[in-house]
Colleague: 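Okay, here's the structure, questions in a sec.
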Amino acid sequence: MTTRSKPDVPRFYLTTAIDYANGDPHLGHALEKIGADVIARYRRQCGDDVHLLIGMDEHGQKVQQTAAKDGVAPQAFTDEIAARFQAIWAKLGISYDQFIRTTEPHHKAGVQALIRMIAERNPDDFYERSYTGMYCVGCEAFKQDADIVEGKCVLHATRTLEEVEERNWFFRLSKYQGFLQHLLATNPSFIEPESRRNEILGLLAQGLDDISASRARLDWAVPFPLVLSNGETQGTYVWFDALPNYLTATGFPEPGYENRWPADLHIIGKDITRFHVVIWPAMLEAAGLPLPKQVWAHGFVQLGGERFSKSAGVKLDLGEAIDRYGADAFRYVLLREVPFDSDGNFSWERFEERYTSDLANAFGNLASRAIAMVEKYFDGVVPTALRPEAELDDDTDVAAYHAGMNGSRGWLLHEGLAAVSRMTARANEYTAATTPWAVAKDPARAAELEQILASLIRRIARQTVLLAPFMPTKVEAVWAQLGAPGTAGAQRIDALAELEPAGWRVQKGEGVFPRPAPAATT
RNA sequence: GGUCCGGUAGCUUAGUCGGUUAAAGCGCUCGACUCAUAAUCGAAGGAUCGUGGGUUCAAGUCCCACCCGGACCA
């Protein structure tokens, strides 16, 4: 065992899909990164040593062509795209620990090392094969007849298909079919949710074809380390370049990478499940490396009921969405509205409704009214009092929150938020039922009043901690108004019972979630 | 064309092994309250559970076909 920074702390290495450097970040990218960030923050608040990886996939013919069209070098082109992605992640508060780019020298060396490792361990796994077909530059793939209309690819009608014969390195994926079937049979949670696992099982049952690992005419790529028999050196094909980023990010093949690898969780979109659950484990197995513990495929966001797409003009300006009520509100609404295990919808209308009802009216106003009463009746100092029994009702929801957040039943972040919402509603009901403003009028009921307000502040403090992974900035404003020590984000999220607000000096300030102006409705 | 997933009140969803009047939130309507961000609390209304068959004493919940949406593969 080599040393690591925090030897006695459970580590948690999670990754997101690297994004293709051929356009701007959009809502779909944001959903994945926000979800991953929430999980990362949650685990940090559970005390884990978390490493969140995010990055860019920067090679490929399409990038090269787009750059050429813009009259810039590919590296300069991807530098700018990467900067734009990073700017958005910063704006969204994504707490990534590492940002990998596949054009980094270390990544390129790592990809080559992995390929060589496979070739040494399993000399038959890479072989040469020639192939003839219609090649679409847009797809960077050969197309079948069904996808060709009038000599053009149906997905890229503006580009001309080329008939191409080429000799490539192939990877013997078919050899790993049994291995993969065994993997999913013995370790079903390797891919979740279940619907995605079924998809892969169906795919495996149909049988696997070998896949191409290198491509001709692929200049903007990692040079494939094996030379073809005709002396040609080709570029490494996309998946052999992109997938290993999770591994090369740990320092592979340099010593010490085992401290991080294998990853605990790959978070990806449902469209690339196949690559992460079939090709990637097969590559690792071929190289004799450990497999990641789990792949989680989230769904897609639709926009206003329509499929998100650049070409159809159905898109949402991320910057505008963030500026509306701030990054935190956007993070909250997105994860509340879109189930993290399936598809969901996002619209400005829902955004307004969610923000107003959940954050401004329910949670924001709850904090506001409780803090105001502590100021008014107790000069701002939270009284000491025994917990009312009614507070125990929250325990079920706290448990439901953790169940949604810790992956035990899948990564159901929306259920975590729903649980907090129920706690907020319960606190408002409690306030209405106990009527502290009426109790305050009777000096004989002082003890009762103390209990009510201590309970309310304690509940709000708990909810604030539970919300911290979702709204890292806003919760600190609430935390400060509660007069709580330290920061909400530093609180152990799995030790809420220890939160005791007696003696805190509250201070009411500006509403943390101001109600939108009536005219703001779109 | 094949595989997989989804189609439940205006909207978003929950409905575990099939079993009493199909549940919740938001929105809408009415009532209450006044500590609070015209917020909150309570109540009411609102669903032929995509369509058509079938199995069953009993189906949103199982089977078949079809329609619609999505993803992947070809």
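Lettering follows sequence order; numbering is per chain, from 1. Please read all numbers here as calculations on a predicted model, not as lab measurements.
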Colleague: Just by distance, no angles: are the side chains of D393(A) and Y430(A) close enough, under 3.5 Å, to form a donor-acceptor pair?
Modeller: no
Colleague: Output yes when K508(A) and E375(A) qualify as a salt bridge under the 4.0 Å nitrogen-oxygen rule, no when they do not.
Modeller: no
Colleague: Using the salt bridge (Lys or Arg N to Asp or Glu O under 4.0 Å) rule, take E166(A) and R217(A) through it: C-alpha gap first, then chi angles, then the decisive distance, then the call.
Modeller: CA-CA 10 Å; E166(A) 66 177 53; R217(A) 294 167 289 101; 2.7 Å; yes
Colleague: Whole angstrom is fine here: how far is it from NE2 in H276(A) over to P in C72(B)?
Modeller: 14 Å
Colleague: F470(A) ring centre to R331(A) NZ or CZ under 6.0 Å, with the angle to the axis within 45°?
Modeller: no
Colleague: Not counting sequence neighbours, which residues clear side-chain hydrogen bond (donor to acceptor under 3.5 Å, both in side chains) with T102(A)? List them please.
Modeller: none
Colleague: Pick base, sugar-phosphate or nothing for Y430(A), based on heavy-atom distances below 4.0 Å to the nucleic acid.
Modeller: nothing
Colleague: Please state the C1' separation for the pair U34(B) and G70(B) - nearest whole angstrom.
Modeller: 49 Å
Colleague: Is atom CD of Q507(A) surrounded by more than 12 heavy atoms (other residues, nucleotides or ligands) closer than 6.0 Å?
Modeller: no
Colleague: So that I know where these two stand, are F126(A) and F171(A) an aromatic pair - ring centroids less than 6.0 Å apart?
Modeller: yes
Colleague: Is it the case that atom CD in E194(A) sees more than 12 heavy atoms from other parts of the structure closer than 6.0 Å?
Modeller: no
Colleague: Only Watson-Crick and G-U wobble pairs with both distances less than 3.5 Å should count. Give RNA chain B in dot-bracket notation, marking inter-strand partners with |.
Modeller: (((((((..((((.....[...))))..((((.......))))......(((((..]....)))))))))))).
Colleague: N345(A) side chain N/O closer than 4.0 Å to the phosphate oxygens (OP1, OP2) of C11(B)?
Modeller: no
Colleague: Between protein and nucleic acid, restricted to nucleotides 31-33 of chain B and to nitrogen or oxygen atoms under 3.5 Å apart, what atom pairs and distances do you find?
Modeller:
none

Colleague: I'd like the P distance from U8(B) over to G52(B), given in whole Å.
Modeller: 15 Å
Colleague: Can the ring centres of F340(A) and H414(A) be said to be less than 6.0 Å apart?
Modeller: no
Colleague: Using atom CG of L359(A) as one end and atom P of A36(B) as the other, report the distance to the nearest whole Å.
Modeller: 21 Å
Colleague: Pick the nucleotide of RNA chain B nearest each of G202(A) and R354(A); which residue has the one closer to the 5' end?
Modeller: G202(A)
Colleague: Measure from CG on D397(A) to P on G25(B) and round the result to the nearest Å.
Modeller: 13 Å
Colleague: Side chains of R515(A) and N365(A): do they bring a donor and an acceptor to under 3.5 Å?
Modeller: no
Colleague: Using the C1' atom as the reference point in each nucleotide, state the distance between A23(B) and A32(B) in Å, no decimals.
Modeller: 26 Å
Colleague: Return the nearest nucleotide to the side chain of D271(A); candidates are A71(B), C26(B), C35(B).
Modeller: A71(B)
Colleague: Within the 3.5 Å criterion, strictly below it, is a donor on D125(A) or Y176(A) matched to an acceptor on the partner's side chain?
Modeller: yes
Colleague: Taking atom P of C4(B) as reference, at what distance in whole Å does atom CG of D343(A) sit?
Modeller: 17 Å
Colleague: Specify the residue among N428(A) and K508(A) whose closest nucleotide of RNA chain B lies further upstream toward the 5′ end.
Modeller: K508(A)
Colleague: Quantified in whole Å, what is the C1' atom distance between nucleotide G15(B) and nucleotide C62(B)?
Modeller: 16 Å
Colleague: Under the ring pair (Phe, Tyr, Trp, His ring centres under 6.0 Å) rule, what pairs show up with a residue in residues 355-386 of chain A, not counting sequence neighbours?
Modeller: Y325(A)-Y355(A)
Colleague: For atom CG of L386(A), decide whether the heavy atoms of other residues, nucleotides or ligands shown that lie under 6.0 angstrom number more than 12.
Modeller: no
Colleague: Roughly how far apart, to the nearest Å, are C41(B) and G25(B) at atom C1'?
Modeller: 16 Å
Colleague: How far does the C1' atom of G1(B) sit from the matching atom of U12(B), given to the nearest Å?
Modeller: 34 Å
Colleague: Using a strict heavy-atom distance below 4.0 Å, which residues from residues 439-471 of chain A are in contact with RNA chain B?
Modeller: none
Colleague: Applying a 4.0 Å non-hydrogen cut-off, can you work out what R422(A) is touching in the nucleic acid: base, sugar-phosphate, or nothing?
Modeller: nothing
Colleague: Once you round it to whole Å, what is the distance between P of C4(B) and CG of D341(A)?
Modeller: 19 Å
Colleague: Picking from U12(B), G70(B), A39(B), which would you name as closest to the side chain of N365(A)?
Modeller: A39(B)
Colleague: Rounded to whole angstrom units, what separation is found between the CG atom of N361(A) and the C1' atom of C41(B)?
Modeller: 13 Å
Colleague: Has K270(A) got a side-chain N or O lying under 4.0 Å from the OP1 or OP2 atom of C4(B)?
Modeller: no
Colleague: Report yes or no: is the cationic atom of R172(A) (NZ for Lys, CZ for Arg) under 6.0 Å from the centre of the six-membered ring of Y127(A), at an angle within 45° of the ring normal?
Modeller: yes
Colleague: Rounded to whole angstroms, how far apart are CZ on R336(A) and C1' on A24(B)?
Modeller: 11 Å
Colleague: I200(A) has an atom CD1; how far is it from atom P of C73(B), in whole Å?
Modeller: 10 Å
Colleague: If the C1' atom of G60(B) is compared with that of C49(B), how far apart are they to the nearest Å?
Modeller: 5 Å
Colleague: Does E389(A) have more than 12 heavy atoms from other residues, nucleotides or ligands lying within 6.0 Å of its CD?
Modeller: no
Colleague: Please give the distance between the C1' atoms of C28(B) and C66(B) as a whole number of Å.
Modeller: 36 Å
Colleague: In residues 366-373 of chain A, which ones come under 4.0 Å of RNA chain B, going by heavy atoms?
Modeller: S368(A), R369(A), A372(A), M373(A)
Colleague: What I'd like to find out is whether the side chain of V478(A) reaches to under 4.5 Å of the side chain of L482(A), using heavy atoms alone.
Modeller: yes
Colleague: Indicate whether OP1 or OP2 belonging to C73(B) is found under 4.0 Å from a side-chain N or O atom of R274(A).
Modeller: yes
Colleague: Please tell me which of the listed nucleotides, G42(B), C4(B), C26(B), lies nearest to the side chain of E429(A)?
Modeller: G42(B)
Colleague: So what does F300(A) hit on the nucleic acid, given a heavy-atom distance under 4.0 Å: a base, only sugar-phosphate, or nothing?
Modeller: sugar-phosphate
